[in-house]
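Because the structure is a prediction, the values reported are computed rather than measured. The chains referred to below are lettered A, B, ... by the order of the sequence lines, with proteins before strands, and numbering in each begins at 1.
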Amino acid sequence: MKFIGSHVLSVDQFDRDAIEHVFRIADIMEPYAHRRKRTRVLDGAILGNLFFEPSTRTRVSFGTAFNLLGGEVRETTGMESSALAKGESLYDTARVLSSYSDIIAMRHPKAGSVAEFAEGSRVPVINGGDGANEHPTQALLDLYTIEKELSHHGRSVDGMHICMIGDLKYGRTVHSLSKLLCMFNQIRFTFVSPPELAMPDSIVDALERAGHRVDRVEALNGSLDADIVYQTRIQQERFASQEEAAQYRGRFRLNSEIYTRHYKPNTVIMHPLPRDSRAEANELDNDLNQNPNLAIFRQADNGVLIRMALFALTLGVEHLVSRYDTDVIWYSDKANS
Amino acid sequence: MKFIGSHVLSVDQFDRDAIEHVFRIADIMEPYAHRRKRTRVLDGAILGNLFFEPSTRTRVSFGTAFNLLGGEVRETTGMESSALAKGESLYDTARVLSSYSDIIAMRHPKAGSVAEFAEGSRVPVINGGDGANEHPTQALLDLYTIEKELSHHGRSVDGMHICMIGDLKYGRTVHSLSKLLCMFNQIRFTFVSPPELAMPDSIVDALERAGHRVDRVEALNGSLDADIVYQTRIQQERFASQEEAAQYRGRFRLNSEIYTRHYKPNTVIMHPLPRDSRAEANELDNDLNQNPNLAIFRQADNGVLIRMALFALTLGVEHLVSRYDTDVIWYSDKANS
Amino acid sequence: MKFIGSHVLSVDQFDRDAIEHVFRIADIMEPYAHRRKRTRVLDGAILGNLFFEPSTRTRVSFGTAFNLLGGEVRETTGMESSALAKGESLYDTARVLSSYSDIIAMRHPKAGSVAEFAEGSRVPVINGGDGANEHPTQALLDLYTIEKELSHHGRSVDGMHICMIGDLKYGRTVHSLSKLLCMFNQIRFTFVSPPELAMPDSIVDALERAGHRVDRVEALNGSLDADIVYQTRIQQERFASQEEAAQYRGRFRLNSEIYTRHYKPNTVIMHPLPRDSRAEANELDNDLNQNPNLAIFRQADNGVLIRMALFALTLGVEHLVSRYDTDVIWYSDKANS
């Protein structure tokens with residue numbers, strides 16, 4: 001995969017070599033993200049951070065990643081201010097807005113819109129989520145997190161056992177992550193969901209064709225030797241009645257007691273965030289906040305590294321980052337943590 | 001015209017020397033806008049980009065122009081968050097917000113509000129559009145585009161033939177452009193519009209007093225030796241009925257077939273953007289997108305150059321830009337195009 | 001008080017030494033805020049400017065202060081785009097958003113929310129206003145303004161006479177300022193308000209315990225030898241009827257005629273802004289705009305200095321600012337004023 005000058009629209013673009021390359025560049029970004037070093041390699045470059053659908057954390061994560069490489073950020077949030085609402089085509093919007101920046105990160109509520117925009121764009125476009133379709137940087141940061149977490153236990157993605165729980169039918173993140181995992185070897189998947197929210201057959205087929213083992217169950221039962229548990233949200237409105245929702249909910253939640261009963265002492269806990277902490281949802285309980293295996297906030301940290309890596313690769317500076325180092329002058333909690 | 005420390009509120013402030021000066025500075029900005037060079041001449045300067053009425057492209061264009069000169073941008077979008085809504089006068093808002101920046105670009109839905117704001121401001125204010133009143137940077141970028149496009153054909157603004165089409169009564173851009181053109185010589189204007197959307201007499205009079213030739217017609221008829229065709233949008237709601245609108249629409253649209261029938265092979269096509277690509281409007285058809293005479297996206301590019309020039313002139317650095325050059329490190333599609 | 005790495009949540013954190021230290025650092029910031037000098041001491045640092053409740057001037061003031069020290073700003077405005085609306089806890093939001101920046105300035109409509117957020121944050125949080133609760137930077141800039149203004153007349157905060165007028169019951173700014181003044185000596189307070197909007201007893205008690213003299217009156221009467229008059233807004237809805245509001249209003253307004261009648265020729269006029277200039281409110285008349293004692297816009301200027309000081313102290317660079325000086329290249333009205 002050629003990164004320089006390319007769009008990043010879908011996980012389907014990546015082969016295993018490309019993934020490993022992104023991850024090695026993400027590793028290089030760590031001292032910069034932790035404020036132990038400072039680079040100016042993107043000095044003068046402008047990110048067009050176009051969030052036609054609001055998403056604070058993804059937007060800020062892209063912007064921060066670009067700033068950490070020394071670049072500037074120009075932003076747009078929401079649709080109302082946009083000419084799209086006045087009947088402008090995405091092609092025109094792309095032609096014009098891309099003339100103002102060197103690279104674009106874009107989120108849009110409509111599936112396929114980011115790829116359509118990319119056709120009119122004069123600069124590389126990174127998909128920050130297009131409706132139910134794709135959110136490739138989330139999938140990459142999830143996989144990067146899995147690789148890093150497992151390496152602490154001397155394990156690797158190849159041969160791991162991952163358990164995905166909750167709404168596996170509509171969950172964009174578990175679909176994309178599963179697609180990426182097709183490129184790895186001998187993984188065991190346990191999909192836990194109500195039948196009406198089961199992982200689509202097309203994805204199960206792809207995983208099995210890739211040589212992986214897939215088990216589908218409707219509830220956790222006994223001890224699972226999972227290396228990773230990936231929780232997702234189950235939305236109440238997916239069920240016929242409140243009673244049905246209440247009945248299911250308990251089976252797909254995770255809290256300290258359930259964790260101890262069903263998982264290993266070092267099973268890594270992941271979630272795409274935000275988690276709904278209201279009592280009626282609460283798919284991942286706060287009583288796990290002090291558990292060292294809870295990786296959800298490290299996922300967010302890793303998102304910055306992955307986005308820095310994609311910016312550096314797309315703008316062709318991945319090998320130049322350390323050549324423009326300067327000192328970090330100010331006090332940073334991050335450098336000290 | 002003295003630029004340093006001055007407001008830019010109206011096209012009426014400009015004489016021909018001032019216009020030519022702005023355009024020569026805009027020319028100097030090209031290598032910076034194309035990312036072949038990088039300057040830090042506005043290092044530490046802050047643009048207050050105050051868009052009390054949303055306009056993504058104009059807002060981002062101002063912000064990008066300021067970043068390209070090395071400055072920082074602080075932004076405001078919309079009215080709801082503003083103290084104006086709590087009964088604060090524009091004078092107070094201006095006194096306070098101008099204390100936070102070195103120059104202000106401002107858009108506001110109310111005619112005259114930008115000039116009123118400028119009276120309270122302690123820094124220069126550039127009008128980014130005040131309702132139906134003025135949008136001087138749009139007029140300047142239109143004229144700059146005309147001059148550049150014609151120069152490729154060995155022609156100049158003096159002596160050209162320009163055809164303006166559509167809603168000439170309410171179109172702020174065609175009014176302002178016409179005012180600027182009063183300062184040039186022996187131009188031929190063909191105004192094509194339904195009578196109820198005709199160019200106002202005051203502007204026609206001014207053009208004729210300036211020695212220009214003006215023809216007003218209700219439809220394109222036969223071949224026009226126009227150097228420039230400037231399309232605008234006709235809004236359906238301007239007409240008594242849907243039938244009337246449908247009847248007019250065909251006469252004021254532009255597509256490949258109409259272009260070939262009525263214009264020269266090198267007639268430059270302009271439009272203030274956004275163009276409405278929905279079937280019921282479609283004043284400028286996508287079948288012209290590959291026509292090399294279509295200058296609408298070059299207009300957007302030129303907008304960045306004009307805004308860079310006005311920032312540099314107003315902050316007194318137009319002669320210093322190249323003294324603070326550094327290298328562009330990263331890969332840029334723009335530099336390679 | 002230890003500043004480095006600490007949150008700034010409440011005026012209660014400050015003792016007199018800490019206040020004086022902040023003010024001396026604010027003094028050092030003046031040439032940078034006036035664009036006579038430029039520093040890069042926060043190069044590479046990122047401010048997370050999180051305004052979950054809109055407030056243009058406070059938001060822009062924080063952002064500008066950070067830019068003036070050489071840092072970058074990533075912003076969020078409003079709640080709708082936030083995961084908080086999807087049931088995410090403030091703890092989670094804080095954990096994630098704090099991973100993107102080095103320091104956070106935050107405003108939120110709910111009292112106590114900023115402190116709650118700070119518990120989850122991995123970087124220092126500065127309270128930019130949490131509902132009716134606290135707005136410590138406003139209190140500090142008010143006190144700093146008083147000290148600076150009085151020093152021009154050879155006076156000091158100790159021993160001064162300050163008159164606070166209007167809605168003293170609900171006015172967050174007069175409460176916080178009064179708390180800070182408890183740490184000074186022998187101040188005379190005159191509180192002018194309708195009885196139903198009187199200063200709370202708890203604050204009056206604290207002031208008297210600190211050895212200050214407090215007079216509470218319902219209207220201005222005769223000449224007051226006040227050094228400072230601090231006007232606030234009286235909101236019409238606080239009264240039983242329009243008639244009652246109209247009757248009170250005249251007694252708590254300030255204009256040139258009232259100023260001359262009740263104050264000294266050098267009584268300093270303050271107001272937290274925005275002032276409501278509509279006829280039915282108009283608590284501080286525009287006929288005082290040219291009065292040199294009107295300090296309301298200097299308050300806004302001082303807000304930038306105070307916020308620069310708090311950023312520098314919290315990030316541990318207050319002694320390094322001048323070590324990273326560079327020239328200001330561009331023309332600045334501020335440097336020349």
Nearest heavy-atom approach of Trp330(B) to Asp43(A) is NE1-O, 3.0 Å
Heaviest contributor of heavy-atom pairs below 4.5 Å to chain B, chosen from Thr314(A), Val41(A), Val73(A), Leu50(A), is Val41(A)
With a 4.5 Å heavy-atom cut-off, do Glu75(B) and Arg74(A) have their side chains touching? yes
Restricting to non-hydrogen atoms, name the atom on Asp333(B) and the atom on Val123(A) that form the minimum distance, rounded to 0.1 Å. OD2-CA, 3.4 Å
Looking at Gly71(A), Gly316(A), Ser101(A), Gly5(A), which has the largest count of heavy-atom pairs under 4.5 Å with chain B? Ser101(A)
Testing the basics here: between Val96(A) and Ala300(B), what is the closest heavy-atom pair and its distance to 0.1 Å? CG1-CB, 4.0 Å
Does a side-chain heavy-atom distance below 4.5 Å link Asn289(B) with Tyr91(A)? yes
Between Thr39(B) and chain A, with a heavy-atom cut-off of 4.5 Å, which part of the residue counts as in contact: side chain, backbone, both or neither? neither
What part of Gln299(B) lies closer than 4.5 angstrom to a heavy atom of chain A: side chain, backbone, both or neither? neither
Looking at Lys169(B), I want to see if its NZ is surrounded by more than 12 non-hydrogen atoms of other residues, nucleotides or ligands under 6.0 Å. no
Given a strict heavy-atom distance threshold of 4.5 Å, which part of Arg275(B) is in contact with chain A: side chain, backbone, both, or neither? both
Leu315(A) versus chain B, heavy atoms under 4.5 Å apart: side chain, backbone, both or neither? both
Assess whether a salt bridge exists between Arg122(A) and Asp301(B), defined as any Lys/Arg side-chain N lying under 4.0 Å from an Asp/Glu carboxylate O. yes
Say whether Arg59(B) and Thr76(A), considering side chains only, have a donor N or O and an acceptor N or O under 3.5 Å apart. yes
Can you say whether Arg323(A) sits under 4.5 Å from chain B via the side chain, the backbone, both, or neither, judging by heavy atoms? neither
Taking side chain as C-beta onward, heavy atoms only, is Leu97(A) less than 4.5 Å from Thr56(B)? yes
Val317(A), part contacting chain B, at a heavy-atom distance under 4.5 Å: side chain
Evaluate Glu88(A) against Arg57(B) for salt bridge (Lys or Arg N to Asp or Glu O under 4.0 Å), listing each step before the verdict. CA-CA 12 Å; Glu88(A) 185 174 64; Arg57(B) 72 190 60 220; 2.6 Å; yes
Interface residue of largest heavy-atom contact number with chain A, from Asp327(B), Ile329(B), Asp276(B), under 4.5 Å: Ile329(B)
Which bit of Val328(B) comes within less than 4.5 Å of chain A, counting heavy atoms only: side chain, backbone, both or neither? neither
For the residue pair Tyr100(A) and Val60(B), what are the closest heavy atoms and their distance? CD1-CG1, 3.6 Å
Which distance, rounded to the nearest 0.5 Å, do you find between the CG of Asn67(B) and the CG of Asp102(A)? 10.0 Å
